[in-house]
Amino acid sequence: MLVNLKQIIDMAEKGGFCVPAFNVYNMESAMGVINAAEEAKAPVILQIYPRLINEDVGFYLSHVLVAAARKASVPVCYHLDHGPSEIEVQRALRTGATGIMYDGSVHPFEENIAKTKHIVDICSAVGVPVEGELGHIGSVNDEVMDEFTDPDAAAEFVKETGVCCLAVLIGNAHGHYKKPPCLDIDRVKAIREKAGIPLVLHGGSGIPDEQVKAAIKAGVRKMNIGTDVCCAFAKGTLDSLNDPNRSIAIDIFMKKPIEAVKNLALDKIRLVEAYGKA
Ligand code: 13P
């Protein structure tokens, strides 16, 4: 069933678990995630990067995601990830998104607040909840970290903007980590306490399991997984190519990538304790 961002995060909040948010890129990666969610009886978020929304692929894929969510027996949210401006937000809303992330973290604090609040106003007019970001996750990697999210600033940001959940910088980064990250769990607790809303952990590919569990305990209710989806899909594709009995028929060729994404999604669903929670 198609649900919105707040509804799905509220489930996690009540149940004390975390909803996995998978970045999907095509119909087959979405099918892998949905197959896993159905098997695991888990709520999931299917999210797409803004570049997809700005290209034809977003137009086609959005129809697939909405149809898949409606058909699913488990709660599914279709979410825009890292929307950089109102243009991508409007496009995502028009294609049926039920969750929006507006990422104003490149802007100075006050400007981030003003721009995020504007997006919250637009989205609330059509009943779509918004995820905000404080601390610029997009600018960091293993070697270059930016200033972590400040708990007092997070409280002010949440109060002024009305976002329903907040992405924070606490030692996480996008892409595979060269060395295991060391998440600042005390900071998660402090942000959570002061801001009072569910938190979002970006860069979920490669965070050691025990740190993911600690972050959930401290108040993370949505974890993004992108790079691992790509790696699973690529491996499944190679397996198809290397299979001596492979079929060139595209639907059959795609079975292994779909299965690989499904297995990855099942692992992450277990990790974030969403298994059986639908
Ligand atoms: P990873 O690619 O590191 O899993 O991060 C995904 C993400 O946070 C998307 O917003």
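First listed ligand is number 1; within each ligand, the first listed atom is number 1.
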Considering only protein heavy atoms, which is closest to [atom], and at what distance to one decimal place?
{"atom": "atom 8 (O) of ligand 1", "result": "G203 N, 2.8 Å"}
{"atom": "atom 3 (O) of ligand 1", "result": "G175 N, 2.8 Å"}
{"atom": "atom 6 (C) of ligand 1", "result": "G226 N, 3.5 Å"}
{"atom": "atom 4 (O) of ligand 1", "result": "S205 OG, 2.5 Å"}
{"atom": "atom 7 (C) of ligand 1", "result": "H174 CD2, 3.3 Å"}

Less than 4.0 Å between a side-chain N and a carboxylate O, is that true for [Y] and [X]?
{"X": "D243", "Y": "R246", "result": "no"}
{"X": "K235", "Y": "D239", "result": "yes"}
{"X": "K222", "Y": "E131", "result": "yes"}
{"X": "R51", "Y": "E88", "result": "no"}
{"X": "K14", "Y": "D10", "result": "no"}
{"X": "K115", "Y": "E111", "result": "yes"}

Worksheet item: Any idea which atoms of ligand 1 are less than 4.0 Å away from a heavy-atom of I225?
Response: 4 (O)
Worksheet entry | Close-contact set for ligand 1 against H202 heavy atoms, below 4.0 Å | 8 (O), 10 (O)
Practice prompt. Using a 4.0 Å heavy-atom threshold (strictly under), name the region of H82 that reaches ligand 1: side chain, backbone, both or neither.
Written response: side chain
Practice prompt. With heavy atoms only and a cut-off of under 4.0 Å, state how N23 meets ligand 1: side chain, backbone, both or neither.
Written response: side chain
Worksheet item: Nearest to atom 2 (O) of ligand 1 by heavy atom, T227, N224, L201: which?
Response: T227
Item to complete: Check each of I45, T98, V19 against L5 using the side chain to side chain contact (heavy atoms under 4.5 Å, CB included) test, and report the only one that passes.
Response: I45
Discussion item. Determine whether the aromatic ring centres of residues H82 and H174 are separated by less than 6.0 angstrom.
Written reply: yes
Worksheet item: Of all the heavy atoms in D81, does at least one lie under 4.0 Å from an atom in ligand 1?
Response: yes
